[in-house]
Number of protein chains: 2
Amino acid sequence: MKIDPDSTVDLSAQIAKAIRDAIIAGDLIVDQRLPSEAELADHFDVSRPTVREALKRLAAQSLIRTQRGASGGAFVNRLRFEDAYAQQVTTSTLLLSMNAVSFDVACEARYALERACAPLSAQRRTPDQLATMRAEIHRQGQPGLTDEAFCASDVTFHRALVDGAGNKVLSYQLAGAVEAMQPLMNMITFTARSREAIVALHTDIADAVEAQDAPKIDATLVELEAYTRELAHSVVTARAQKAAEKEHKTA
Amino acid sequence: MKIDPDSTVDLSAQIAKAIRDAIIAGDLIVDQRLPSEAELADHFDVSRPTVREALKRLAAQSLIRTQRGASGGAFVNRLRFEDAYAQQVTTSTLLLSMNAVSFDVACEARYALERACAPLSAQRRTPDQLATMRAEIHRQGQPGLTDEAFCASDVTFHRALVDGAGNKVLSYQLAGAVEAMQPLMNMITFTARSREAIVALHTDIADAVEAQDAPKIDATLVELEAYTRELAHSVVTARAQKAAEKEHKTA
DNA sequence: GCCAGATTAAATGTCAGACATTAAAATGTA
DNA sequence: TACATTTTAATGTCTGACATTTAATCTGGC
């Protein structure tokens with residue numbers, strides 16, 4: 001593990017990269033203790049604060065964890081699905097909000113991914129997951145539910161569908177995509193009528209999952225996607241109209 | 001933005017979280033300059049090194065970038081797809097290697113995701129993407145290609161297929177999944193016969209993409225998945241057998 | 001001999017102040 | 001005005017110290 005002190009790149013970034021590469025290459029294995037900060041500083045011929053900045057970078061990626069006290073130190077972290085998942089949601093959310101990813105593109109991606117796990121869910125869904133879907137459908141039908149709560153319930157419903165595939169890797173990828181879209185979904189106002197329509201589609205999906213009817217799940221997801229996009233467009237149109245009116249008044 | 005100095009959590013972690021939350025909430029917008037390190041230290045009532053550790057954490061997540069010199073400082077970063085993509089590959093790769101995710105599970109996830117974009121690719125693939133697929137198929141047929149080069153070409157081929165969907169979000173999600181599987185794929189030895197079979201399947205896929213025949217793409221991907229798993233199993237079986245023989249000799 | 005409590009030691013967490021380096025902005029000059 | 005120089009404000013790095021945490025060790029009493 002070596003760094004180039006003459007590079008224009010931050011020393012702490014270089015050190016972080018060196019250690020990260022060692023972890024990825026398997027030279028440092030899970031739960032192995034890294035040398036102490038003082039030893040690392042010695043090894044790389046830098047000061048302790050610089051080493052610490054490097055370690056914090058790695059900690060931010062959940063690659064290491066640190067323990068204080070005697071026999072403490074930095075340890076290679078076993079990356080857990082939950083950690084990776086939380087990071088992915090953050091990243092995806094920011095990507096969508098910062099890159100002017102249109103609602104249509106995000107929506108298309110989300111439903112494409114979701115449909116990918118439909119056949120597997122049809123095969124493997126557990127009674128537990130089915131129960132979750134039914135419970136969320138029931139919640140979505142209750143009057144007085146805020147738009148935000150409705151969205152949250154929607155996420156839970158779709159996550160249950162995705163988890164039904166019984167594949168951790170898929171759940172990790174898809175749940176991130178679904179959740180990242182929530183801020184966009186939260187912009188939509190769900191009228192009583194649109195909620196009713198969505199609940200009906202959700203019910204169809206749950207029924208199809210229970211009946212292990214993969215093509216039906218797929219078809220209903222297509223319908224749901226179309227309806228979601230329609231709703232989003234009406235919101236956008238309404239806003240544009242409002243803005244135009246305001247503009248007209250000012251002028 | 002406030003922190004709790006009495007918490008057992010690292011101050012730098014708290015500060016990082018406070019700033020990250022502000023970014024996610026939109027209180028800090030893209031390209032906006034954060035206060036200088038000295039000002040932040042003052043605001044949070046901590047020392048500069050502590051602030052710096054917090055900023056390095058955020059930099060590791062590509063949430064901010066820093067510039068030296070007068071009118072330099074830390075700026076909220078516009079998260080680019082490439083950055084997010086690189087991070088996702090790292091994370092996914094480690095997840096697979098550290099969590100004893102079986103080849104089957106990873107493979108199933110990958111092909112499920114890939115099939116999700118097949119219909120879109122059939123519709124939208126550009127001549128450019130088709131050309132890439134053909135070129136990679138040709139390369140895969142050349143004798144003397146190392147297993148690693150074969151795998152790399154395989155990744156490029158599948159990426160072209162995924163990119164054909166013309167959806168950045170999908171590309172981001174899928175390319176990460178495909179690439180993360182490469183270390184697992186690299187364990188497979190591709191015999192001349194198995195390469196031939198894979199090239200044939202790839203050709204079928206390229207033909208179907210060109211003909212915009214979505215169901216055919218789907219079906220071929222299913223075949224390819226089955227074949228890949230078969231290959232992987234034979235490798236695992238061969239290894240187990242070898243290990244058993246060795247064990248037998250020792251005993 | 002063994003256990004509970006006190007002590008020690010080794011590590012990370014934090015601070016203060018200094019200097020080095022960078023790069024934009026301000027200034028001076030032809 | 002155009003160009004070279006100086007200033008300045010920021011990050012990058014270093015040194016050394018102290019605070020805090022925690023496991024291991026030592027110690028005294030039973």
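Only a predicted model underlies this, so the values are computations on that prediction, with no experimental measurement involved. The analysis underlying the following values was restricted to heavy atoms, covering all of them including side chains, and did not include hydrogens, waters or symmetry mates.
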* Structure fact -> Side-chain contact check for B/Ser71: nearest option of C/dA24, C/dT14, D/dA23 is C/dA24
* A/Arg68 has a side chain; which of C/dA24, D/dG12, D/dT20 sits nearest to it? ->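 The answer is D/dT20, which lies nearest to the side chain.
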In whole Å, what is the span from the [atom1] atom of [X] to the [atom2] atom of [N]?
X: B/Leu34; N: D/dA10; atom1: CG; atom2: C1'; result: 13 Å
X: A/Asp4; N: D/dG12; atom1: CG; atom2: P; result: 17 Å
X: A/Asp45; N: D/dG12; atom1: CG; atom2: C1'; result: 16 Å
X: B/Leu40; N: D/dG12; atom1: CG; atom2: P; result: 13 Å
X: B/Glu37; N: C/dA18; atom1: CD; atom2: C1'; result: 15 Å
X: A/Glu53; N: C/dT12; atom1: CD; atom2: P; result: 16 Å
X: B/Asp10; N: D/dT20; atom1: CG; atom2: C1'; result: 12 Å
X: A/Asp6; N: D/dG12; atom1: CG; atom2: P; result: 18 Å

Closer than 4.0 Å, any side-chain N/O of [X] to the OP1 or OP2 of [N]?
X: B/Thr50; N: C/dC15; result: yes
X: A/Thr66; N: C/dA11; result: no
X: B/Arg52; N: D/dG12; result: yes
X: A/Ser36; N: C/dA10; result: no

* **Derivation and outcome, side chain to side chain donor-acceptor pair (under 3.5 Å), residues B/Thr126 and B/Gln129** => CA-CA 5 Å; B/Thr126 65; B/Gln129 285 149 353; 3.2 Å; yes
* To do: Mind listing the closest non-hydrogen atom pair of A/Gln173 and B/Ser92 along with its distance?
  => NE2-OG, 4.4 Å
* Where B/Val169 and A/Val105 come nearest, the two heavy atoms and their spacing -> CG2-CG1, 4.0 Å
* Below 4.0 angstrom, N of the basic side chain to O of the carboxylate: do A/Asp27 and A/Arg20 qualify? -> no
* **Of A/Pro49 and A/Gln67, the one whose closest DNA chain C nucleotide lies more 5'** =>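 This one resolves to A/Gln67.
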* Tell me yes or no: between the side chains of A/Thr50 and A/Ser47, is some donor less than 3.5 Å from an acceptor? =>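 Side chains of A/Thr50 and A/Ser47: pair found under 3.5 Å.
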* Polar side-chain contact A/Arg48-D/dT13 base: donor and acceptor under 3.5 Å ->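 Donor-acceptor pair under 3.5 Å: no.
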* Base, sugar-phosphate alone, or nothing: which one does A/Arg33 contact when heavy atoms must sit under 4.0 Å apart? -> sugar-phosphate
